[in-house]
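Everything below concerns the one structure shown next.
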Amino acid sequence: MAFNSCFLSTFAADFKRHTRMTSREIRRQFLDFFASKGHKIIPSAPMVAKGDPTLMFINSGMAPLKDFFLGNQTPPSKRVADTQKCLRVSGKHNDLEDVGMDGYHHTMFEMLGNWSFGDYFKKEALAWSWELLTEVYKIPKDRLYVSVFKGDEKENLPFDQDAHDIWKQFIAEDRILAFGKKENFWEMGEQGPCGPCSEIHVDLRSDAERARVDGKTLVNADDPNVIEVWNNVFMQFNRKADGSLEELPAKSVDTGMGFERLVRAVQQSDSNYDTDLWKPLFNFLEQFSQKSYQGTYPGVHENWNKTDVAMRVVADHLRAVSFAIADGEMPSNTGAGYVIRRILRRAVRYYFSVLDIKEPVLYRMTPILAEEFGDVFPELKAQIHFITEVILSEERAFLRTLESGLKRIEHLDIQNNTVDGEQAFELFDTFGFPFDLTQLIARERGWSVDEAGFQQALARQKDRSRKDAVRQVGDWMVLRDEADVAFVGYDQLELENAYVTKYRTVAAKGATQYQLVLNRTPFYPEGGGQVGDTGWMYFGNEPIRVLDTKKENTLVIHVVEKLPEAIDLDSVVCTVDASKRRLTESNHSATHLLHAALRQVLGAHVQQKGSYLDAQTLRFDFQHFQKMSEEELARVEQLVNEKIRQNVALEEARNIPLDAAKAAGATMLFGEKYGETVRMITFDPTYSIELCGGCHVPYTGKIGFFKITAETAVAAGVRRIEAVTGLGAEQYVSTLEREVGAIKNALKAKDPVKAVSDLQESNRKLAKEMEQLNLLMAAQIREGLRTQFQELNGVHFLATTVALSDANALKTLVTELEREKGNAVLVVGSVSGDKPSLTIKISDELVKAKGLNAGTMVRELAQEFLKGGGGGQPGFANAGGSDASGLPAALEAVKRYL
RNA sequence: GGGGGAUUAGCUCAGCUGGUAGAGCGCUUGCAUGGCAUGCAAGAGGUCAUCGGUUCGAAUCCGUUAUCCUCCA
């Protein structure tokens, strides 16, 4: 971090100014430019990765297009361009802790990209990128450098002469730099398509600084002002399992350009954050916090300002969180949702402690974002109320956590003015109180915090979790190299001549799982909320149980109990567990009817937020802001059952263009990635049209009967309905009936509700009377005892047994007698069942004056005479035992203490 | 998926190494003031989440289940 700062401030002044393009225009220009070169512009995929177990969030422009490169799917066009929402917070690209500290890290960012799938190659790609940067965006050519792959001897890969020669036509040869595998050779993973790449770097330093140090030496050298803007990857090889490379028959291009950086370069700004993308957010924060944004950075400016870091953190994280929620990822405590929660909380931490804002504020900023991105990413604007609501409730929850953490710090046991690591870790781990806040508060009070101890404890916890998550995924054993898997389960539940294309074993926590992929399968893989099918496969005479069916990208994976012996048989018979599937279908179709009914009864804001369907039950989560009333639930149930009785036929359109489905008015979901063609499920075109890949009943009558069993809240603005259908509903109702019948029977009442409340009432009365009687009895006993006191060594002494078994009554008895007499020692024995108890009361003044202790007395007596034990305070104690015959002796023995 | 923690009055929470349940707010009633803010007094309200164990005795110790919070993966 040794770069000098003073040049930053002068940079904008001496960069030759052009007309300033807004970020909106810059994005537009990119898409228009590639459209004019024959590219199909596709919408951004949701930021949350679905169906890809290796990836939580989309972290690059090409990630959602992986299947096109792998050949698993056909692209909609050979030339494609888009802007893709990306999130980098976990795994290899973990930028979270850097965000805010510098001018170029973001959690969520846009990546512009253009692709060729076996169409154009290096010549066009490089020429176009040069044209766009220099002619459309008018970035001065003398600020640009390009890099090419210099070759690698170990891999036997040559210098990328082609790229070098192409660049020579546009740029001086001394600005073409060569780098090795690390910078200029790109691979998707251990295996698969890969190839050399060529990057374009831009030098954004001031003229003075540029004159002083040659920009060429700063390329790929971590200078914050000499940065890569565009990477062109040329996929020309396939990396095989043994590590060797083979030339691909069809060569592809994959490019990626960070949008925020590009805007900075075009708008000639000091950093990504000093652009019109962020201004509105900073303006709001300045106004709200009454602090100003100066644009300083630690390590760059000597007097950098914490406020600046905080505002960048808040603005950046707000974007990430809002888009994630818009794409359907709710903050939660596991998985991807937890990542979102952590980002949001990091923002709260910063505004809470640095901007000194102690109330929710992120939720106030969502409309600014919605306005800014309304045209490119409509999902934000369309769900603005929902997103705002979710963020607000998260903020509130975390502020509450902070508050209770602050309280907890007050009760810390501080030794040597140090908060030990274990304490700090407990605050963090158990109570969610951030470590940096613990440090901050400690500093204010002149304590130090044992950071090493904290880190140790954290490392231990990570270790534990990781150990648990160890999974040994075996390589796919490929029997037949076929990419396509045909799912035939919509039409048939049995299949006779399938064969295994590949298989593998997965070991986790001692258990081994076997996974098979077939060329064709009737087994439905878990997806769209519907559980995976189970059933049997027969390899000749050998039956193999199918435990579950899952999906990984486009692969249908069958989880089986063991590997068959004749695994390469080509006449495998598949049989889906039909009764389970049929019940699941009923639940799935009922869910569609329910969805439509909810929209009719509650309004069009009802958006599906998730569902779960198996053979027993259905669960449907949806956007709605208040608890549903009894009447609303009844109407929804009624509507669904009406549709069932109408016995509506299923209309299934398997491969219709997305646009046609839209035109038909199909219900679409945000955060869902739709292909070019979709499957459309209709039950009455005026009632329910949904895009859906799941399995359905042919006629709604098959569902039989629909019954809602619960309506609850699952998150801010999200409600859940649980329901049963058909057989399940029948069982549910008959169970209820049996229960009510049993209650009626027991009460011998026609109206069990009234009978129960009467019963409760009379029970309360009886309890009251009982208490009164007990008191009365105690009063009488007290009366009798009053005269039995003895004088013993100057104290009022009473030792006796009474016929009270209630411990509470005994307590009041001795307390009141003591208060009347004063200067007294009372010992009362009683028997409850066959168990003795002993209660001792000693006046306070005697406790002090004579050092008497009821607790020790009672314990010793109980041990000696009652085969028991006891204890209490010096003035009042009681004991119990198991030998009632010792009671008189115990009472007699008390005297020895006086 | 793995760890840690919580669950006590309508609400927010105390409750020490086991000895039999408490505060503040709220609620009800009465009194004071012309009314309100308020003050005073009395009172109601608890299977200490659940089931089981240890113990003479469990809100307290141990285990089960449920729900919630939190950290890690």
Side-chain angles (χ1 to χ4, degrees), chain A residues 53 56 89-91 94 331-339 341-342 345 393-394 396-405 407-408 410-411 413 422-435 438 454-455 457-471 508-511 712-715 760 763-764 767-768 771 804-815 829-841 853-859 861-884 886-887 890:
Chain A
M56 221 180 242
V89 280
S90 53
N94 189 347
S332 77
N333 57 2
T334 62
Y338 181 56
V339 175
R341 175 168 283 173
R342 255 172 44 196
R345 291 188 168 188
S393 91
E394 276 294 309
R396 281 199 182 131
F398 188 53
L399 287 169
R400 248 200 322 272
T401 301
L402 289 183
E403 208 175 301
S404 67
K407 227 190 264 176
R408 204 157 280 276
E410 300 303 323
H411 296 116
D413 179 23
E422 286 294 333
Q423 284 177 323
F425 183 71
E426 194 196 14
L427 278 172
F428 168 71
D429 180 51
T430 303
F431 302 103
F433 197 73
F435 182 65
T438 303
F454 174 85
Q455 294 299 348
L458 183 65
R460 268 201 301 278
Q461 142 121 310
K462 286 191 178 181
D463 210 48
R464 233 190 349 251
S465 290
R466 206 170 293 126
K467 224 181 241 159
D468 176 73
V470 175
R471 247 167 66 102
K509 275 189 262 178
T712 50
V714 276
Q760 280 177 326
N763 192 35
R764 268 163 58 134
K768 276 260 162 63
E771 207 181 312
L804 273 177
S805 57
D806 181 44
N808 229 344
L810 276 171
K811 189 182 177 185
T812 19
L813 177 71
V814 295
T815 309
S830 84
V831 181
S832 161
D834 56 350
K835 286 187 175 168
S837 83
L838 198 62
T839 304
I840 301 185
K841 173 80 193 172
N853 187 323
T856 47
M857 280 163 70
V858 90
R859 184 176 309 118
L861 290 170
Q863 274 165 4
E864 203 169 329
F865 301 102
L866 306 177
K867 291 187 185 158
Q873 293 91 42
F876 175 83
N878 58 21
S882 49
D883 183 10
L887 210 45

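The chains referred to below are lettered A, B, ... by the order of the sequence lines, with proteins before strands, and numbering in each begins at 1.
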Measure the acute angle between the ring planes of A:Phe454 and A:Phe435, then classify it against the limits of 30° and 60° as parallel, tilted or perpendicular. parallel
Which nucleotide wins on minimum distance to the side chain of A:Lys462, given the candidates B:rA73, B:rC71, B:rU70? B:rA73
To the nearest Å, how far apart are A:Phe425 CZ and B:rU70 P? 15 Å
Mind checking if A:Arg341 touches a base, just sugar-phosphate, or nothing, with heavy atoms under 4.0 Å? sugar-phosphate
Which part of the nucleic acid, if any, lies within reach of A:Arg859 when heavy atoms closer than 4.0 Å are counted: base, sugar-phosphate only, or nothing? nothing
Taking the side chain as every heavy atom from C-beta outward, state whether A:Leu458 and A:Phe428 have any pair of such atoms under 4.5 Å apart. yes
Just the rounded figure in Å: distance from C1' of B:rC71 to CZ of A:Arg466. 14 Å
Quickly work out the A:Lys835 NZ to B:rU55 P distance and round it to whole Å. 10 Å
In whole angstroms, the gap separating P of B:rG4 from CG of A:Asn333 amounts to 16 Å
B:rG4 OP1/OP2 closer than 4.0 Å to side-chain N/O of A:Arg464: no
Starting from P on B:rU20, measure out to CZ on A:Phe876 and report it in whole angstrom. 6 Å
Taking only the C1' atom of each, what is the distance from B:rG46 to B:rA14 in whole angstrom? 15 Å
Residue A:Asn878, side-chain heavy atoms: nucleotide from B:rG2, B:rG19, B:rU70 that is nearest: B:rG19
Below the 4.0 Å mark, does B:rC71 have OP1 or OP2 next to a side-chain nitrogen or oxygen of A:Arg345? yes
Pick the C1' atom in B:rG18 and in B:rC13, then give their distance to the nearest Å. 22 Å
Taking atom C1' in both B:rA73 and B:rG19, compute the distance separating them and give it to the nearest angstrom. 45 Å
Take the protein atom CG of A:Asp429 and the nucleotide atom P of B:rG5, then report the distance between them rounded to whole Å. 9 Å
Using a 4.0 Å heavy-atom cut-off, does A:Asp463 contact any base of the nucleic acid, only the sugar-phosphate backbone, or nothing at all? nothing
Euclidean distance, atom CD of residue A:Glu403 to atom P of B:rU12 [Å, nearest integer]: 12 Å
Please confirm whether the shortest side-chain N or O distance from A:Thr401 to OP1 or OP2 of B:rU70 is below 4.0 Å. yes
What distance, rounded to whole Å, do you find between the two C1' atoms, one in B:rG45 and one in B:rC25? 14 Å
Taking the same atom, P, in B:rC62 and in B:rA44, what whole-Å distance lies between them? 35 Å
Residues forming a ring pair (Phe, Tyr, Trp, His ring centres under 6.0 Å) with A:Tyr338, sequence neighbours excluded: none
Whole-Å gap separating C1' (B:rG5) and CD (A:Glu422): 15 Å
Taking the C1' atom of each, how far is B:rU20 from B:rA59, in whole Å? 10 Å
Across the strands shown, which category fits A:Gly432 at heavy-atom distances under 4.0 angstrom: base, sugar-phosphate, nothing? sugar-phosphate
Check whether any side-chain nitrogen or oxygen of A:Tyr338 sits under 4.0 Å from OP1 or OP2 of B:rC71, and answer yes or no. yes
